[in-house]
Amino acid sequence: MVCLLLSSLMPAGARAGADNGIPALLGMAAEVPADEIPVTNSSSPARPDLQRLQRQLQVQRKRIDELGRTIVTLNEQLSRQAAAVAPETLTALTHERDENLRQAEMLRRKVQELEQSLAAQKAVAEVAGHKVQSLTTTLREAQSQNTALQDEKASLEKQGALVTAKEQEITQLRSSLDNNKRESMAQQQSLTEQLKEKSAALTSLTDELSKIQTALAEARKAPKRHKPEGPAAVRDYAIGTSLGDDILALLKAREAEGIHVDREMALVGIRDTLTGQLQLPEDILKKTLLAEDKAVATRQGKLVADTRKVGEAYRQDFARRKGVKKHPDGFLYLVDYAGDTAFRDTDFITVSVKESLTSGQVINDMDTRGSYVSQPLNAYPGLFQKALRLLKNHGSITLVVPPELAYGDKGYPPDIPPGATMVYNLRIQGVDSP
């Protein structure tokens, strides 16, 4: 009876729900599946509201579950105790049930409101999600553009560095060009001054040449030579020839030093000196001779050094030959034939000598000319005397003599250069006792 009364008081939905143990109110609340409730996205702008609504919805569902269990419990109690319960208790239970149903109804409405609010928030969240996706895409595009801009910036910076380097190089080139220009102008000015000096010197030389040509023409007009007659004329002529020999020897010496003298012009100078009619001032002549002496000394020094170097190499090569010895005085010798009979210092030694340069040039060959020297041993010069003492009669020897023991750094112009190493071949033709 009580069960029927309680059943009549429950709504149809509630009775249907009671058949499977789930209140009708709970069934209504369950019409929104849990998997359709939107899950909040941390990137959504509506995240705080959605989380709050979800928490409220969970709380209300929990209360509805509790009320449902309470109603089921009350129904079971009413069913078991309907017969034995007093009307007052039944009324209290009924009242409690109705209150619970009322609260459940209120909660159902609240759930509906929350679901509506949640749906609205979900729509907002979806719109916000689309906006977030759009913004994300835009952000990625912006990042890509930023990367491209950074690359372009790096490229521009690199190009800027190259431009700066080129500008510095251009600046240096301009500075170098300016320096070269200044140096070129200075050189041009110096060359201009030198040209002026050379032009003045050329003018002076041209004048001197004109004077010399005039003097030469006058010299060519000199009277013809005539044969000397009489003792005085012969004497004077002999003196002239002696002077001429000295002059020729001097000219040969000059030629050996690399100076080639025009003989006709030299004769003009001799004639003007003899007549006391010099065509040039004495100071110019002295300066010219002094300058020429300096030039000769310079050439002489180089010639001596070169000749000594060649001689040293020859002596080193000769010293390596078999049988070659070095005399304590410093010359090298090779006894070609020792000879057969000893001789004394007072004996007359007849000797033929061949004198040569290290190049093989023969300066003097007594055998070729058919001449010889015959004198006591102690009358020969020291070099040859010491060489002859190494031989016996009919012996022969080859000497290689350094310049210090021969002609020195002066040489013997024109054939023997200064600093020359000499080669001598000595042969004893015979020995006579006094």
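The first residue of the sequence shown is numbered 1, and numbering continues consecutively from there. Values below: every heavy atom of this structure, side chains too, minus hydrogens, waters and symmetry copies.
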If you apply the rule side chain to side chain contact (heavy atoms under 4.5 Å, CB included), what do you find for Met422 with Ile416, and how did you get there? CA-CA 9 Å; Met422 303 303 297; Ile416 300 175; 3.9 Å; yes
Quick one, Gln145 with Glu141, criterion side chain to side chain donor-acceptor pair (under 3.5 Å). Give me CA distance, side-chain angles, the key distance, then yes/no. CA-CA 6 Å; Gln145 293 177 359; Glu141 293 177 354; 5.4 Å; no
Show your working on side chain to side chain donor-acceptor pair (under 3.5 Å) between Thr350 and Asp432 and close with a plain yes or no. CA-CA 8 Å; Thr350 303; Asp432 294 326; 4.7 Å; no
What do the steps show when you test Glu96 against Asn100 for side chain to side chain contact (heavy atoms under 4.5 Å, CB included), and what is the final call? CA-CA 6 Å; Glu96 185 179 355; Asn100 288 332; 3.9 Å; yes
Test log, rule salt bridge (Lys or Arg N to Asp or Glu O under 4.0 Å), inputs Glu105 and Arg109: CA-CA 6 Å; Glu105 179 64 20; Arg109 293 175 181 173; 3.5 Å; yes
Checking Lys153 against Leu156 for the side chain to side chain contact (heavy atoms under 4.5 Å, CB included) test, could you report, in this order, the C-alpha distance in whole Å, the side-chain angles of both residues, the deciding distance, and whether it holds? CA-CA 5 Å; Lys153 179 183 176 183; Leu156 290 175; 5.6 Å; no
Pair Lys325, Leu334 - check side chain to side chain contact (heavy atoms under 4.5 Å, CB included), show working. CA-CA 7 Å; Lys325 297 180 181 180; Leu334 175 62; over 6 Å; no
With side chain to side chain donor-acceptor pair (under 3.5 Å) as the criterion, how do Arg389 and Gln385 come out once you've worked through the C-alpha distance, each side chain's angles and the decisive distance to 0.1 Å? CA-CA 6 Å; Arg389 291 183 184 279; Gln385 185 178 143; 3.1 Å; yes
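For the atom pair CD1 (Ile428) and CG (Asn393), the distance works out to 6.5 Å, reported to the nearest 0.5 Å. Note that the NZ atom of Lys326 and the CZ atom of Phe331 stand 11.0 Å from one another [nearest 0.5 Å]. With rounding to the nearest 0.5 Å, the separation of CD1 in Ile247 from CZ in Arg263 is 10.5 Å. How far CD of Gln429 is from NE2 of His394: 9.0 Å, rounded to the nearest 0.5 Å. Put simply, NZ on Lys110 and OG on Ser117 are 9.0 Å apart, with the number rounded to the nearest 0.5 Å. Between the CZ atom of Phe318 and the CG atom of Leu399 there is a distance of 8.0 Å, given to the nearest 0.5 Å.
Between Lys302 and Asp306 there is a salt bridge, with a side-chain nitrogen of the basic residue lying less than 4.0 Å from a carboxylate oxygen of the acidic one. Comment: Arg427 engages Asp367 in a salt bridge, judged by a side-chain N to carboxylate O separation of less than 4.0 angstrom.
Side chain of Asn146 to backbone of Ala142: no donor-acceptor contact under 3.5 angstrom is found. Under the 3.5 Å distance criterion, the side-chain polar atoms of Ser175 are left unmatched by any main-chain donor or acceptor of Thr171. Checking side-chain atoms of Asp347 against main-chain N and O of Arg344 turns up a donor-acceptor pair under 3.5 Å. In this structure, Thr275 contributes its side chain and Asp272 its backbone to a donor-acceptor pair below 3.5 Å. Counting only distance, with no hydrogens or angles, the side chain of Thr241 and the backbone of Ala238 share a donor-acceptor pair below 3.5 Å. Under a 3.5 Å cut-off, the side chain of Thr288 and the backbone N or O of Ile284 do form a donor-acceptor pair. In this structure, Thr137 contributes its side chain and Gln133 its backbone to a donor-acceptor pair below 3.5 Å. With Ser176 contributing its side chain and Gln172 its backbone, the two residues share no donor-acceptor pair below 3.5 Å. No side-chain donor-acceptor contact under 3.5 Å links Ser144 to the backbone of Arg140.
Counting heavy atoms from C-beta on, the side chains of Met185 and Gln189 never come closer than 4.5 Å. For the pair Tyr412/Ile363, no side-chain contact is recorded, criterion being any heavy-atom separation below 4.5 Å from C-beta on. With a 4.5 Å cut-off on side-chain heavy atoms, Ser356 and Gln361 do not count as touching. Using a 4.5 Å heavy-atom cutoff, the side chains of Leu377 and Thr346 are not in contact. Looking at heavy atoms from C-beta onward, Val324 lies in side-chain contact with Arg321 at the 4.5 angstrom threshold. The shortest side-chain heavy-atom distance between Lys392 and Thr341 does not fall under the 4.5 Å cut-off. Residues Leu303 and Pro418 meet the side-chain proximity criterion, which asks for heavy atoms closer than 4.5 Å. Between Val335 and Tyr337, the closest side-chain pair of non-hydrogen atoms is not below 4.5 Å.
Around CD of Glu99, the count of heavy atoms belonging to other residues, nucleotides or ligands within 6.0 Å exceeds 12. Under a cut-off of 6.0 angstrom, the local environment of CD in Gln316 is crowded, with over 12 non-hydrogen atoms contributed by other residues, nucleotides or ligands.
Shortest non-hydrogen contact noted between Asp336 and Ile397 is OD2-C, 3.5 Å. When all heavy atoms are compared, the tightest approach of Leu278 to Glu282 is CD1-CG, 3.9 Å. Scanning both residues, Gly311 and Thr421, for their nearest heavy atoms gives CA-OG1, 3.4 Å. In terms of heavy atoms, Val401 sits closest to Leu383 at CG2-CD2, 3.8 Å. Scanning both residues, Ala319 and Leu332, for their nearest heavy atoms gives CB-CD1, 4.1 Å. Heavy-atom minimum distance, Val351 versus Val353: CG1-CG2, 3.9 Å.
Exactly one of Lys354, Glu355, Arg369 qualifies for a side-chain hydrogen bond (donor to acceptor under 3.5 Å, both in side chains) with Asn364. That residue is Arg369. Tested against Glu404, the residues Lys410, Arg315, Arg308 include a single salt bridge (charged side-chain N to carboxylate O under 4.0 Å, His left out) partner, Arg308.
Less than 6.0 angstrom separates the ring centroid of Tyr424 from the ring centroid of Phe384.
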